[in-house]
Visitor: 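Sharing a structure with you now.
Everything numeric in this text was worked out from a predicted model, so none of it was measured. Throughout, protein chains are lettered first and strands after them, A, B, ... in sequence-line order, and every chain is numbered starting at 1.
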Amino acid sequence: MRAGTVRRKILANSALILLLMAAATLYTGFASLELDQSVEVLFRNNLVLERLQGALSQTEASFSEYLRTKSSESLKDFIKASTHLTDQARELNRDIVSDEILLLQRDLTRTFDTYLRVAEIGIQAKRGRDIPGYVERYETSARHAAGARILISDLKARFLSQALQAFSLYRNLIPGVLLSNAVLVLAATLLGFSLLLGYSRKLTEPLSRLAEAASAVGRGDYQIPIPQLNSQDEIATLAYSFAQMRLSIQQSFLDLQSRADVERTLLEERMQVLELNHRLKDAELLALQTQINPHFLFNTLSAGLQLAGVEGAQRTEAFLENLAVFIRYALTPPDRFVLISDELECVNRYIFLLRLRFGQRFAFDIRMDESIVSVEVPALILQPLIENSISHGLADIETGGLITIRGTREKEQAVLTVSDNGAGMAESERLAILTEAADFDKSPGHGIGLRNVIRRLHLSTNGRGRVELVSGEGQGLLVRIVLPLSSPEVLG
Amino acid sequence: MFRQVSWFLVLLFGLALAGATTMNLVLINQARKALDEGILGTKTRELPAKHHLALVIPDTTDSFFDGLIAGVRENSAASEVAIQVFRYRESAPEEAEAYFQLCLSSHVDGVVLFTGSERDQRARVAQAEAENVVFIPVGTQAPGGSGQGFIGSSSFLQGVESGTLLGRLKGQSARVGVLLTSEGDSDARSDPVFHGVSLALRPYQGAEILQVARVGPGFLSGEEAASNLLRSQPSINALVCASAPITEGAAQVVVELGRVGRVVIIGTDESVTIDRLVDKGVIAASVVRDSRKMGAVALSSFLAAREGTPFRSAVEVGFKVRSNKAAQP
């Protein structure tokens, strides 16, 4: 960039316009002056003739004076006047040409010659004291002088006529000249104005666009294009610098935005940690609370068991014993693994408790393959299924309710089934249970125990174990638990 | 868009400026050229010549002199003769002498001088010879004492021709008024035109010239004279006019008096007006003096004299008659 380029451009443009106007003004001025001078020249011929007439009169007077006084002074005057007359006559035409005015000039010069010749002869006669001679020459010269005056007068008249004709033609042209002068000045003015208009626009347009861009940036809009200038002046530099500045601002904003995103993410993570901590504390509290209640419950049940023994209430004592064992089993951590034999014992105790409550309303058929009794399975996977059959499938059956529990080994899988001959469930309900079991966050509906089993089995076996439901409306429910045997005896 | 408009305006006004400047230059150039026409020292555009011939004639509207000048100029360029015309006032014939003297003092090569018959030309011939200037008098009637070199169209013959035409048209019933130019003897009845008319009418018994008058120069003088003549002599049925302006004036009077056809006009020379009036029948015929031929002969005589051939005798160039069909025999 060269310093002061815009200033130079403005100066150059202004100078151009001023020069244009000055040239137009000067031209019209000079043209008018030229025409004025031409008009002066128009009457030059008459001035020449006027001088000739004066020179002739002077020559005549000096000639007369000499003839009268015969003084050397008058002779000198005559010589001087006649020389002057001859010199003046040199401006006139002497050639024979086919132009009457030029022929008149020729007549005049030759008449002057004749006159001067006769006058000189008269002077010689005067010197020779030839009185008749110089008198005759004087008269003759007077006639020639008169003839010359006629010619001068004729020439003057013709020149004047010619001059008037020329002037008339000239005057006819003058309005046109003046009009063209006016048009010239007007055109020059308008041209200058147009140049000014165009150049000011050219100069200010990038500035306006730059201002618009600056205003847009002020509003937070970074999309307005910044003029790309190829010139090397200050405006181009300004535009380039502004573009750079906008880029920097945009980059800074992006940096700030990404930093804010990171901080927000961190904050969210921190909030999650806090939430987890909060939940952990709740869990700890709950754990403490649940630790307190079982102790209280077991102590109470033990007290009841001792009381039943003391009082000899064997049936109550058996109930309390089974209940206490069952509760202890149920309250142990749910993610532990137990032997199927332990699970089967829990089921038997649960059935004992059910029979105390329901009597012989439900029948239970339990057959367990000995080859799988030592297989480890997640705790409490059979009892909730039995509870589910009693609560739902067999809830409306007063008599004849049968719950069948089977345990078999099929190749590398341990298969446990719990079935009933109850009301069964519709296909949509069956699918809903399976789907809801996969998404534990959903609110549980019917069959909470069933979904609990499905879920826990899935989590504890890392998806290798599965639960299958076979049912239909009025066709009972069969829950089939398939447990892959990763080792001959241990599942988990 | 704005830029395009700006550049369009620049182009438009630039062209306007260029156009106005060009127009201005052209107009100024024309103006200067117009002024230059009248400025001294523009001889370069004129043709150079070998001989300088001056023509001294009256300043009148008579077409006779236009023909005379045209005749002199006709071959002047080819003969390398520069023609200069001096016109003296018809009412001041002494100016003719002044111009003649001027021609001598300026030593032109030749002078063609229109002269009346009343002046003896011998003195002029002598002066011209003394200055080695060729002198050719021209006119309608040879001046006394100097027949040599004169070129003319005889007024007497013109009168005879006019009278003959009148005789054919009016015969014995001719009642004639004769209007003559102001040049010549104050006694109009001694004018050669009058004599010619009188002679030509002589065979027609009863035909008579009722009045004769001299008329000043110009068309209006002709009108006045013809009007006076016709009012003072209502029986006049024919007018003989001795010049073109008189003919035009007389014709105008006849038209105004409503006597076209009843008053026969025998005019002189030709002009646009006379030709038109002849065609309309207002003027029966015009006896045209062949002034063009007179001029041409004057030029050839001048050239012959410059070559050393002396004048032998006067030259009569003759007439032609311009008439409408009714006047033709």
Visitor: Ion pair present between B:Arg87 and A:Glu100, side-chain N to carboxylate O less than 4.0 angstrom?
Guide: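 A:Glu100 and B:Arg87: not salt-bridged.
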Visitor: Could you have a look at B:Glu80, B:Glu95, B:His52, B:Met23 and say which one has the most heavy-atom pairs with chain A under 4.5 angstrom?
Guide: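 Looking at each option in turn, the highest pair count goes to B:His52.
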Visitor: Most heavy-atom pairs under 4.5 angstrom with chain B, which of A:Leu151, A:Leu179, A:Asp113, A:Leu190?
Guide: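 Top option by heavy-atom pairs under 4.5 Å: A:Leu190.
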Visitor: Give a yes or no on whether B:Glu307 atom CD has more than 12 heavy-atom contacts from other residues, nucleotides or ligands under 6.0 Å away.
Guide: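 No, the 6.0 Å shell around CD holds no more than 12 heavy atoms from other groups.
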Visitor: Looking only at heavy atoms, which of residues 96-108 of chain B get nearer than 4.5 Å to chain A?
Guide: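 Residues of residues 96-108 of chain B touching chain A at under 4.5 Å: B:Ala98, B:Tyr99, B:Leu102, B:Ser105, B:Ser106, B:His107, B:Val108.
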Visitor: Let me know if B:Val85 has heavy atoms under 4.5 Å from chain A in its side chain, its backbone, both or neither.
Guide: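 Both backbone and side chain.
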Visitor: Quick check on A:Arg149 against chain B: is it the side chain, the backbone, both or neither that has a heavy atom closer than 4.5 Å?
Guide: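 It is neither, since no heavy atom gets under 4.5 Å.
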Visitor: Over all heavy atoms of both residues, which pair between B:Phe13 and A:Ser194 is shortest? Give the atoms and the distance, please.
Guide: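 Smallest heavy-atom distance, with atoms named: CD1-OG, 3.2 Å.
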Visitor: Of all of A:Leu104, A:Thr114, A:Asp107, which one pairs up most often with chain B through heavy atoms under 4.5 Å apart?
Guide: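 Most heavy-atom pairs within the cutoff with chain B belong to A:Asp107.
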Visitor: Report, as yes or no, whether the 6.0 Å neighbourhood of atom OH on B:Tyr88 holds more than 12 heavy atoms from other residues, nucleotides or ligands.
Guide: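 Counting other residues, nucleotides and ligands, OH of B:Tyr88 exceeds 12 neighbours.
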Visitor: Name the member of A:Thr111, A:Leu103, A:Thr109 that forms the most heavy-atom pairs with chain B at distances under 4.5 Å.
Guide: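 It is A:Leu103.
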Visitor: For B:Phe86 and A:Asp154: C-alpha separation, side-chain torsions, deciding distance, then whether side chain to side chain contact (heavy atoms under 4.5 Å, CB included) applies.
Guide: CA-CA 9 Å; B:Phe86 288 111; A:Asp154 200 354; 4.3 Å; yes
Visitor: What part of A:Ala148 lies closer than 4.5 angstrom to a heavy atom of chain B: side chain, backbone, both or neither?
Guide: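 The backbone, not the side chain.
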Visitor: Drop me the distance from B:Asp109's CG to A:Ile96's CD1, to the nearest 0.5 angstrom.
Guide: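 One gets 5.0 Å once the value is rounded to the nearest 0.5 Å.
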